[in-house]
Amino acid sequence: MAVSWSSVGGPKLETLLARNQSTSSAPSNASQMRILRSPSHRCRRAAAQRRAAAVRCESSVEEAAEKGDARASSVSALELLKTSAADRYTKERSSIVVIGLSIHTTPVEMREKLAVPEAEWPRAIEELCNLNHIEEAAVLSTCNRMEIYVVALSQHRGVKEVTEWMSKTSGIPVTELCQHRFLLYNNEASQHIFEVSAGLDSLVLGEGQILAQVKQVVKVGQGVVGFGRNISGLFKHAITVGKRVRTETNIASGAVSVSSAAVELALMKLPDSANARMLVVGAGKMGKLVIKHLVAKGCTKMVVVNRSEERVAAIQEELKGIEIIYQPLSEMLNCAAEADVVFTSTASDSLLFTKDNVGALPPVSAEVGGVRLFVDISVPRNVGACVSEADGARVYNVDDLKEVVAANKEDRLRKAMEAQAIIAEESKLFEAWRDSLETVPTIKKLRAYAERIRAAELDKCLAKMGEDISKKERRAVDDLSRGIVNKLLYGPMQHLRCDGSDSRTLSETLENILETEISVLEQKIRAKVEQTQK
């Protein structure tokens with residue numbers, strides 16, 4: 001039976017096989033070209049052949065058998081070579097492969113060179129899919145990772161080609177890339193992107209930014225030819241997993257950084273955080289993070305004290321819609337007098353708040369607990385420990401916050417174990433979906449084949465019944481034929497629809513269907529024979 005390799009492995013496989021065939025046929029084509037160059041030579045040679053035909057006739061008959069055997073063996077060897085070349089790609093279906101370098105395995109200097117800007121992702125996908133053994137591709141490039149996801153006809157050759165492409169685009173030698181890269185295949189590859197999307201592979205366990213980045217891969221990939229059905233399905237499923245993990249485990253709750261813990265602790269201590277007046281002293285890196293976490297918790301107004309106004313202006317530009325009031329460092333105590341919570345994060349070597357100057361501040365409202373909170377995340381400290389001795393004041397420093405962070409980290413680790421169970425479940429669902437892709441064309445062809453037979457037999461039946469039958473009778477016969485076909489197809493269709501729990505290959509399934517149908521037919525014939533004999 002003739003086999004169309006394009007239906008098995010796609011256009012890339014067809015190209016590879018055509019290349020093998022063209023290589024094997026090159027010598028014969030060259031000899032034909034040499035003969036065609038000289039028409040006169042061709043005529044003279046033909047005449048000489050006719051004169052010698054009678055002499056050669058007898059000997060050629062004797063040699064024909066030997067030449068025929070040799071030709072047959074050479075043809076069979078060629079066919080065997082072609083078959084073995086095809087078998088390399090058709091014995092197993094194409095593999096999903098991840099070639100990655102992340103913050104866990106690769107220094108930042110190398111990740112910077114490997115990074116691909118979002119605007120360049122479509123071009124990168126196109127270049128990757130132009131490689132001989134790559135059919136689909138996607139690029140996940142962030143500050144913490146550079147990962148290439150591909151569907152490869154050959155795992156070994158696909159990895160080699162992608163690694164060489166990464167070396168070419170980054171200028172990093174292949175040997176150096178191999179020292180830092182990680183490789184994952186099929187189930188492990190899908191499980192990895194699910195863990196990435198869920199935030200389990202991030203530095204901050206459960207962080208939400210990576211899920212937005214995975215969504216962006218799908219958004220950019222829409223319409224790009226190489227972002228095919230398998231890779232697109234993988235990333236869309238990863239988004240589903242990321243959402244489900246965060247919803248069912250609440251893994252993103254609980255501060256796991258000093259700045260977020262400072263905000264969380266302050267809001268936890270306030271009986272009414274909605275009306276609390278916030279003051280942030282210092283607009284450096286940590287101060288900016290405190291401001292962002294306050295905004296994330298719903299704070300829309302705050303005062304920021306800093307030596308210069310430029311940094312505060314930059315934060316105001318970034319966080320539009322939030323009322324951020326700048327005050328110079330000289331106004332710090334006046335601002336503190338009007339604040340219920342004071343966050344400090346400056347590089348000052350000396351204390352900014354002492355027992356004396358805090359004791360002179362007016363008391364805060366009873367609505368916010370009657371206690372002014374000082375949350376000091378500076379090292380060295382900006383708020384003296386003795387401030388807690390002043391009436392109506394309480395101080396929390398970095399050591400207090402570390403306990404909150406450690407407790408939250410332990411909680412997130414417990415939730416990560418729950419997330420792994422979800423990921424294992426979703427991995428099975430994805431593999432079942434991918435298995436179903438293999439059977440869909442077969443199901444369609446089987447249904448079409450059955451429908452052609454049904455329609456042809458129906459036409460014969462109606463022709464025999466004549467033109468006098470009513471529309472009701474015609475419809476009844478048509479319904480009868482459809483019902484018979486549907487009942488006959490039900491069993492085979494159930495066999496073909498993989499649910500992920502059946503490890504049989506498609507060919508084994510089809511063989512089992514055929515054996516089942518034959519055994520049923522044999523039983524019916526045997527029953528008929530026995531009935532006749534009685």
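In this chain, residues are counted from 1 in sequence order. Hydrogens, waters and symmetry mates play no part in the numbers below; they use all other heavy atoms, side chains included. Remember, it's a predicted structure, so these values are computed and weren't measured experimentally.
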Note: Glu418-Lys415 ion pair, threshold 4.0 Å (strictly below): no
Any side-chain heavy-atom pair of Ser190 and Glu431 under 4.5 Å: yes
Modelled atom types, side-chain donor and acceptor of Glu264 and His293, under 3.5 Å: no
Nearest-0.5 Å distance that lies between atom OG in Ser427 and atom CD in Gln191: 5.0 Å
Side-chain heavy-atom pair Gln155, Leu183 within 4.5 angstrom cut-off: no
Atom CZ of Arg229: over 12 foreign heavy atoms under 6.0 Å: no
Rounded distance [0.5 Å steps], OG in Ser197 versus CD1 in Ile239: 6.5 Å
Residues Lys428 and Glu425 bridged, charged N to O under 4.0 Å: no
Gln420 vs Glu195, side-chain contact (heavy atoms from CB on, under 4.5 Å): CA-CA, chis, key distance, verdict: CA-CA 8 Å; Gln420 285 292 355; Glu195 290 176 351; 3.2 Å; yes
Beyond-backbone contact of Glu161 with Asn132, side-chain heavy atoms, under 4.5 angstrom: yes
Rounded distance (nearest 0.5 Å) linking atom NZ of Lys215 with atom CD1 of Ile210: 12.0 Å
Nearest heavy-atom neighbours spanning Ala198 and Ile423: CB-CD1, 4.4 Å
Side-chain heavy atoms of Met302 within contact of Leu279, under 4.5 Å: no
Distance flag, aromatic centroids of Phe343 and Phe374, threshold under 6.0 Å: no
CZ/Arg244: more than 12 non-hydrogen atoms of other groups inside 6.0 Å: yes
Nearest non-hydrogen partners of Phe353 and Thr344, listed with the distance: CE1-CG2, 3.8 Å
Donor on one side chain, acceptor on other, Glu331 and Asn334, under 3.5 Å: yes
Centroid-centroid under 6.0 Å between Phe182 and His104 rings: no
Beyond-backbone contact of Leu352 with Val383, side-chain heavy atoms, under 4.5 angstrom: no
Heavy-atom side-chain proximity of Ile291 to Met278 below 4.5 angstrom: no
Test salt bridge (Lys or Arg N to Asp or Glu O under 4.0 Å) applied to Glu318 and Lys292, step by step: CA-CA 10 Å; Glu318 184 177 344; Lys292 286 188 172 183; 2.8 Å; yes
Phe430 and Phe194 aromatic ring geometry - parallel, tilted or perpendicular at 30°/60° bounds: perpendicular
Test item: side-chain donor near acceptor, Asn382 and Ser348, under 3.5 Å: no
N-O pairing of Glu338 and Arg277 below 4.0 Å: no
Residues, nucleotides or ligands: over 12 heavy atoms within 6.0 Å of Gln209 CD: no
Atom pair OH (Tyr185) and CD1 (Ile96), whose distance is rounded to the nearest 0.5 Å: 13.5 Å
Polar contact flag, side-chain donor to acceptor under 3.5 angstrom, Thr163-Arg181: yes
Flag if over 12 foreign heavy atoms under 6.0 Å of CE, Met268: yes
Heavy-atom check, side chain of Asp201 versus side chain of Arg145, under 4.5 Å: yes
